[in-house]
Amino acid sequence: MTILGLRNQSFLGAIGLNISAALVPVMSVLTVSSAHAETVLRMDEVPPGEADPARAAKIIDAILLYNLYDTLLLPGPGGKGYVPHLAESYSIDGKVVTVKLKPGIKFQSGNPMTAADVVFSINRMVAIGQGFSPLFKGWIANVEPVDDLTARITLSDTYAPFLAALFRLGIVDSKTVMANLQDGKFGEFKDYGTTYLNTHSAGSGAYKLVSHSPTTGSVLEKNPNYFLDVPAAAPDQVRFSYGLEGATEIASMRRGELDVISQWASPETKRSASQIKGVEVLGEAGIAKFLFLLNTKKAPLDDVHCRRALSYSVDYQSLISQVNISPKILGAKPANGPLMEGMLGYDPDAPASARDMEKAKAELAQCKYKPADHELEISWIAEVPLEERFGLLLQSNWAELGFKSKIVRYPFASYNQASSKPETTPHISQLSFNARTPDPDSVLYTLYSSKSAGLFTGATWLQDPEIDALLAKGRSTLDEKARLGIYRDLSKRITDGASTIFAYDVINTFPRSGRVSIPLLEDPAKNTKISGMNFTFREMKMK
Amino acid sequence: MTTWRLVTGRLVGSLLTLLGVSILIFIIARVIPGDPAAIALGQGADQEQIQALRESLGLNLPIWEQYFNYVAGVLHGDLGQSLYTNTPVAQDIARTFPATFELILVATLIMVGVGIPLGVLSAMKRDSRLDNVTRLGALLGVVTPSFVWAVMLMLVFSDRLGWLPISGRLSEDVQPPATITGLYLVDSLLHAQWSVFLDALAHIILPAVALAMASVGQAARLTRANVIDTLDRPFIEMARAYGLPERRIALRYALVPSLTPTLTVMGMDIAAKLGSAFLVESVFVWPGMAAYGVQTILHKDLNGIVGTVLVIAAFFLVINMVVDLLVALIDPRVGREARA
């Protein structure tokens, strides 16, 4: 039988030859296309990427913020203290914070940075009311320029975490923003430049935005007019790809088309990446904890003894082993309370969470409920498959005490709804919690204040007036020694109250290729302890 | 005139269908669990922030008022602001739709160019070794999920062999052609940018093949079945009796009437790909609308969900109309019935 006058075999052979011939110019194009003159760093992250510093909330947003914009202050080594960055000096006098800018700093547009830009940036952050604005909203009574380089911020009340909040305030070029306003709801400020800053940068940062799509990727290039010296070894260009699948990450890294894999990749992906030649997995500690939040308004967890029994019976080592990339590449370490290591109030001598069945049984004997009387609902977020494994482990551990439990999968949107009321919040919620600043208030207030009840982070429904009073005192006390005592007290109360099971301290892990060095991750002493800040590109070196 | 009336009638019906879809998806998006403002603001947002955002989105208004405000916006080309990307939904769709449409177009060409000829060949060589291999291959194409094909193709041709790119629509240092259609293959040809065309082709081959595999199998199986059925008809026997060559009988007399059911099913399949392509888009980092749509659902981005579904519904209606017109063209009996 013939088709079009050709025998079948010849026909198929002709097709094969034509395909091969067509591929030759394609492959030559690819070869030419892959050559680059400048150094390019390629990373992946989870979408969407937010380029507007006033709306930054996630890690990718923070990475963009710290590279496109600058902040007045930076944390000192190890995340401790405050180092002037844009500021030449700063002072606090009760409720008044005065910041003096370094002279001669210019934005990427060429406009000089003045105190008016600081005022504009703070007002903009508060007005837009998204991202890190809760760190400022309600605390700014007035902000005004004193002179060209000096800004005076008058707080509504004494607020000790304010300086740490400044780590999250990117200073914006007010002239550029005002020249690019679109219709909006902010009166004379229209949209406050939110449309423009969605795809452009108006900062002074060491890098400027070349292109940005929130769902697919961003391209940044060195700013040749940066006010500090940027080493030649720092990447000339940085390319982000958003939303890569695990197989794509591995294939890209193997081909040299990806240099850093996101911390959100699965342990299996990171394990595979660690086996690629030249790839090392870097760890970032002191920023996040993994928590099991216990709903203290729901029986039997309204009894502290039952909560403690559950806490003592968890197999923490097994939890940690599931997160570790390998025996040598750790993804977690034991936690010993609610605060991150190195934070004010952190107690290095506090015992780490550990399984102790004797103590668990002793606590259970004091609980007013019998384990078999209630079925615990252990929730897990559908978008985080690892949590299901944790749920199974908890179920197994608690069955040893006689507790019945069911593991319930919640799409994130459903969990968000369920956690808005105490009666619908599951008994157990799982949360990977990132500290927004190195100040202990950013952890303890967000998790344990009565105002957090009904939010993702408030699933304990603690609503304890004594805790609230201590949190308020921690905010209003400026003396560091006194604050240390307050936060130590708070940590102990929260730990003793067992409203939270501190599963482990997260070590964020990032497989990185041999083409790049990331000093802020490679040297623990340089860790800024702020999510996103360790990816300050001007500090990196391309090899 | 009657054909014009037919088309007009279909257009009016399509608009009414779109209206119904918009009401349905508007309600469903708001009934799905989750507070869109809380989800958009993320961990750390306080109640005041969430409430302020809810008010700015108009979520405190009665649902009917929200719907009328939305429709008023749509009539001005405004599909609202996406909470997921913080950009206008219309802008997001304008950016992502061409990428998915181009992917579907190439997948369709593969489906038609490979699936139908395979089906014809298989029917003509019924029960031969070729037929058995083709049928097995078609079954494999149908039962294997598209994302499995995507991962396998990527690992073999991009990762191991290094023949084709891993991700994206173009290489990093290749500038996209100036936009005429938004389809890089078409626009680069129109601008005579051959290297851009080849680069775009290299990038689209694997995702398009992955997306097309199930459809190729389905098209082959459907075409084979229909051609076999037609080849057994009396008018074919008559043609054979007249001494016409078997090839001519198959391609001219049997294939055309056999295409009607195949076209109808393929039309639905093509339209469905606009929503189902998201896994392939995810594997190949293809900046398309399907992946965007899934993310809007996961983030309960109300405007994004409604806008994406409306576009998919409109696409469905257009494709079905085109298919019906094609079928009427191929089979005059269908056209006459429709006009009657």
Side-chain angles (χ1 to χ4, degrees), chain A residues 1-3 8 23 25-27 29-30 33-34 36 40 47-48 50 52 55 57-58 129-130 132-134 137-138 185 194-195 198-199 213-216 239 241 243-245 247-248 250-252 254-255 257 383 411-418 420 433-434 436 446 451-452 454-457, chain B residues 32-36 38-50 52-53 56 84-88 92 95-96 117 121 124-125 130 151 154-155 158-159 162-168 171-174 194-195 198-199 201-202 246-247 282-285 287 291-292 295 297-300:
Chain A
M1 184 62 214
T2 60
I3 295 175
N8 294 346
L23 276 174
V26 168
M27 284 159 69
V29 165
L30 293 171
S33 301
S34 59
H36 297 286
V40 180
E50 175 60 69
D52 187 335
R55 296 197 289 200
K58 307 178 305 299
Q130 294 183 28
F132 295 116
S133 65
K137 200 158 186 163
K185 59 179 184 180
T194 48
T195 305
N198 217 10
T199 48
S213 162
T215 52
T216 49
R239 290 182 166 264
S241 297
L244 266 58
E245 290 294 317
T248 314
I250 298 300
S252 298
R254 235 195 308 259
R255 268 173 64 141
E257 292 174 14
E383 289 84 346
F412 184 62
S414 301
Y415 175 77
N416 166 252
Q417 178 134 336
S420 61
F433 181 79
N434 281 280
R436 283 187 296 181
T446 310
K451 291 199 174 171
S452 296
L455 304 174
F456 310 135
T457 51
Chain B
I32 300 171
D35 183 338
I39 294 168
L41 293 171
Q43 196 184 91
D46 60 25
Q47 292 286 8
E48 284 167 23
Q49 260 186 307
I50 294 169
L53 187 57
S56 74
Y84 173 56
T85 61
N86 279 319
T87 49
D92 287 338
R95 189 184 69 243
T96 56
L121 200 60
M124 289 168 64
K125 291 285 190 180
L130 178 69
V151 172
M154 194 258 292
L155 287 176
S158 300
D159 186 17
W163 287 357
L164 291 166
I166 291 173
S167 59
S171 298
E172 277 175 11
D173 55 355
V174 175
W194 310 117
S195 60
L198 289 174
D199 191 66
L201 185 65
E246 199 62 30
R247 188 191 74 198
S282 294
V283 171
F284 289 101
V285 201
Y292 168 78
Q295 289 300 325
I297 293 169
L298 292 175
H299 288 80
K300 206 180 170 184

Query - side chain to side chain contact (heavy atoms under 4.5 Å, CB included) partners of A:Thr195, counting only residues at least two apart - result: A:Gln182, A:Asp191
Report task. Enter the distance from A:Arg239:CZ to B:Glu172:CD here, rounded to the nearest 0.5 Å. Result -> 4.0 Å
Query - Greater than 12 external heavy atoms within 6.0 Å of A:Lys451's NZ - result: no
Report task. Indicate yes or no for a side-chain donor-acceptor contact from A:Arg255 to the backbone of B:Ser158 under 3.5 Å, with no hydrogens or angles considered. Result -> yes
Query raised in the report: Are any of the side-chain heavy atoms of B:Tyr84 and A:Pro214 separated by less than 4.5 Å?
Result: no
**Report entry** Proximity breakdown for A:Ser213 and chain B, heavy-atom pairs closer than 4.5 Å
**Finding:** side chain
Query raised in the report: Between the main-chain N or O of A:Asn416 and the side-chain N or O of B:Asp35, is there a donor-acceptor pair closer than 3.5 Å?
Result: no
Report task. Verify, without hydrogens or angle tests, whether A:Glu245 (side chain) and B:Ser282 (backbone) share a donor-acceptor contact under 3.5 angstrom. Result -> no
Requested in this report: Can you measure from NZ (B:Lys300) to CZ (A:Phe412) and round to the nearest 0.5 angstrom?
Outcome: 12.5 Å
Requested in this report: Find the distance between CG (B:Asn86) and CD (A:Gln130) and round it off to the nearest 0.5 Å.
Outcome: 5.5 Å
Requested in this report: Give a yes or no on whether the backbone of B:Val283 and the side-chain of A:Thr248 come within a donor-acceptor separation of less than 3.5 Å.
Outcome: yes
Query raised in the report: Does A:Gln417 have any side-chain hydrogen bond (donor to acceptor under 3.5 Å, both in side chains) partners at least two apart in sequence or in another chain, and if so, which?
Result: none
Query raised in the report: Which distance, rounded to the nearest 0.5 Å, do you find between the CG of B:Asp92 and the OG1 of A:Thr215?
Result: 6.5 Å
Query raised in the report: Under a 4.5 Å heavy-atom cut-off, does chain B meet the side chain of A:Lys185, its backbone, both or neither?
Result: side chain
Query - Residue selection (most heavy-atom pairs with chain A, distance under 4.5 Å) from B:Thr87, B:Thr96, B:Val151, B:Leu298 - result: B:Thr87
Query raised in the report: Does any donor atom in the side chain of A:Ser133 or B:Gln49 lie under 3.5 Å from an acceptor atom in the other side chain?
Result: yes
Query - Option in A:Gly138, A:Ala251, A:Pro411, A:Ser452 with maximal non-hydrogen atom pairs under 4.5 Å from chain B - result: A:Ala251
Query raised in the report: Heavy-atom distance under 4.5 Å between the side chains of A:Ile250 and B:Leu155, does that happen here?
Result: no
Query raised in the report: Which answer fits B:Ile297, side chain, backbone, both or neither, if we ask what part of it has an atom under 4.5 Å from a heavy atom of chain A?
Result: neither
